[in-house]
Protein chains: 2
Amino acid sequence: MTEQNRPAKLGPVATFAGRSLEVLRDMILDGTLSPGERLNEVHLSQALGISRGPLREAIQRLASEGLVEAVTHRGVYVRSFSARELSDFYELRIALETHAVRLAARYAPQERIDELGRMLDDTESSMGSDATGSYPADPDFHARLARLAANPPLIQALTDVGRKIQLARARSAHQPRRARTALDEHRTIVAALDDRDGDHAASLLEAHLSSSLNSALAVLRAAEPD
Amino acid sequence: MTEQNRPAKLGPVATFAGRSLEVLRDMILDGTLSPGERLNEVHLSQALGISRGPLREAIQRLASEGLVEAVTHRGVYVRSFSARELSDFYELRIALETHAVRLAARYAPQERIDELGRMLDDTESSMGSDATGSYPADPDFHARLARLAANPPLIQALTDVGRKIQLARARSAHQPRRARTALDEHRTIVAALDDRDGDHAASLLEAHLSSSLNSALAVLRAAEPD
DNA sequence: ATCTCGCAAACTGTTGACAGTTGTCAGCTC
DNA sequence: GAGCTGACAACTGTCAACAGTTTGCGAGAT
């Protein structure tokens, strides 16, 4: 008997419905499926090589996550969010993430905070000296920050709202102009964490997220000035 | 087309899967299905008078809500939460609800705050003068409080975590001894809202929720001291 | 031309059956 | 008696087909 452990943790979800959920979520978040677009169950199931049963189960979860909206007898649509809804999402994210950072300031082991700082160093060096690079590691930074709170339900809630924000921003991706600014703001947050000053870290984070929101709103309203 | 109105106001969801979701959620939250219990798809579908297809869709949503856990090829189980998880849920709830009350202090129309006060009056008179009554309107109070923030995603997040807390507390329902105390604390929160003092309202609310958590933990640990 | 009515195509909601896996238990081995 | 083995029962995952609803379109009337 080899010590073959069960693939419970990392292995792909062994079930069509579970894998379809991840595939569909990725398709929505990377724009393969656009906001407002209708999901045709027959076409999708054929494209995924499965039948409609597991596909519908995956869709139910997406609906529960708020990424699609199901209308009875009429179909499911990729959600399309208004500027107001984007603001609400950010407000929610601020509530969660500032609380997370306060918890982190109190309880996170020093080593993890140091890791976060080193990660910013790596990002900066790979970004080069010009301020026009994008900031692909931004979501990763916030995800790591959330994990410092060591509160799984809180992390999950942040993950959920983060996905909705990503969808709401759709093609209005990060402006490269803000990349350097964002990185600097991240540095100040880590510094406050290093000082174990939760209040300061929280206020810096709130300002950072507000800037991010305003930047997104500007792009959004420039595209659709309704 | 950013119409976010719900397709139906009160009528049942017109679909088996949708109605089953609500029925199952109620069964879990009222204890008809106990934590740790396994959901047999065949038995359940027969009991609900539907087939396994829509039932499985409902179960997927319950899994997404965190009320059940699905194990591949082995079945779905009503989640059973540890004391630690209950604490994490409360921590999350504190983050959300204190933020909500701050928003309420800033933006809620006075009329709604007055309503909340009158609701407490009604509760008190129906509770009688003895301090031993239960406090069935407690969840309602918190739900109304959340709605004052006028932020649907925030309200939804609070609803979700509220359900998990209800399940985690299971049969350790509110102690009647705390009913009067809780009502008094609710009054102070509304008073702070009336003063538009968000910081004060938030700190009162945090203390209130901490008391609630400690009360629940005491009952929980008395029942299962491991 | 425009509006209305009705029919047909397309699609979703639901079902019952099939396939593969898990858990159990009797029987056998040591 | 403890532990292994293999078959059986129960259950989940998946599929293909059926049923009811929505939608688009065209014939006919105004």
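Below, chain A is the first sequence line, B the second, and so on; all start at residue 1. Values in this document were obtained by computation on a predicted structure and should not be read as measured data.
Closest to the side chain of B:Asn40, out of D:dC11, C:dT12, C:dG13, is D:dC11.
Pairs of residues two or more places apart, or lying in two chains, never qualify as salt bridge (charged side-chain N to carboxylate O under 4.0 Å, His left out) while including a residue from residues 148-157 of chain B. Within the structure, the salt bridge (charged side-chain N to carboxylate O under 4.0 Å, His left out) test picks out no pair touching residues 26-37 of chain A (sequence neighbours left out). Sorted by first and then second residue, the salt bridge (charged side-chain N to carboxylate O under 4.0 Å, His left out) pairs with a member in residues 89-108 of chain B read B:Arg93-B:Glu97, B:Arg102-B:Asp199; sequence neighbours excluded. Applying the ring pair (Phe, Tyr, Trp, His ring centres under 6.0 Å) test to residues at least two apart or on different chains, the pairs with a partner in residues 140-159 of chain B are B:Phe141-B:His186, B:His142-B:His186, B:His142-B:His208. Residue pairs meeting the ring pair (Phe, Tyr, Trp, His ring centres under 6.0 Å) criterion with at least one partner in residues 52-89 of chain B, sequence neighbours excluded, are B:Phe81-B:Phe89.
A:Asp140 meets the side chain to side chain donor-acceptor pair (under 3.5 Å) test with A:Arg144; sequence neighbours excluded. Looking at residues two or more places apart in sequence or on another chain, you find a side chain to side chain donor-acceptor pair (under 3.5 Å) between A:Gln156 and A:Asp160. B:Arg147 meets the salt bridge (Lys or Arg N to Asp or Glu O under 4.0 Å) test with no other residue; sequence neighbours excluded. With sequence neighbours excluded, the residues satisfying side chain to side chain donor-acceptor pair (under 3.5 Å) with B:Glu65 are B:Arg25.
Between B:Thr15 and C:dT14 there is a side-chain polar atom (N or O) within less than 4.0 angstrom of OP1 or OP2.
One atom, CG of B:Leu39, and another, C1' of D:dG13, lie 16 Å apart when rounded to the nearest Å. Following rounding to the nearest Å, A:His73 (NE2) and C:dA9 (P) show an atom-to-atom distance of 20 Å.
For the segment residues 45-67 of chain A, residues with any heavy atom less than 4.0 angstrom from an atom of DNA chain C are, sorted by number, A:Arg52, A:Arg56.
Toward the 5′ end of DNA chain C lies the nearest nucleotide of A:His43, the other residue of the pair B:Phe16 and A:His43 mapping further downstream.
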Exercise. What's the verdict on salt bridge (charged side-chain N to carboxylate O under 4.0 Å, His left out) for A:Asp88 and A:Arg84, showing C-alpha distance, side-chain angles and the deciding distance?
Worked result: CA-CA 6 Å; A:Asp88 285 345; A:Arg84 173 58 193 270; 3.2 Å; yes
Exercise. How far apart are the C-alpha atoms of A:Leu96 and B:Leu92, what are their side-chain angles, what is the distance that settles it, and do they pass the side-chain contact (heavy atoms from CB on, under 4.5 Å) test?
Worked result: CA-CA 8 Å; A:Leu96 294 168; B:Leu92 171 57; 3.4 Å; yes
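One end of the helix from C:dA1-D:dT30 to C:dC30-D:dG1 points its axis 10° away from the other end's axis, with each axis taken from 5 pairs and the angle rounded to 10°.
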Grab the N/O contacts between the protein and nucleotides 23-25 of chain C below 3.5 Å, and write none if there aren't any.
| residue | atom | partner | partner atom | Å |
| --- | --- | --- | --- | --- |
| C:dG23 | OP1 | B:Arg74 | NE | 3.3 |

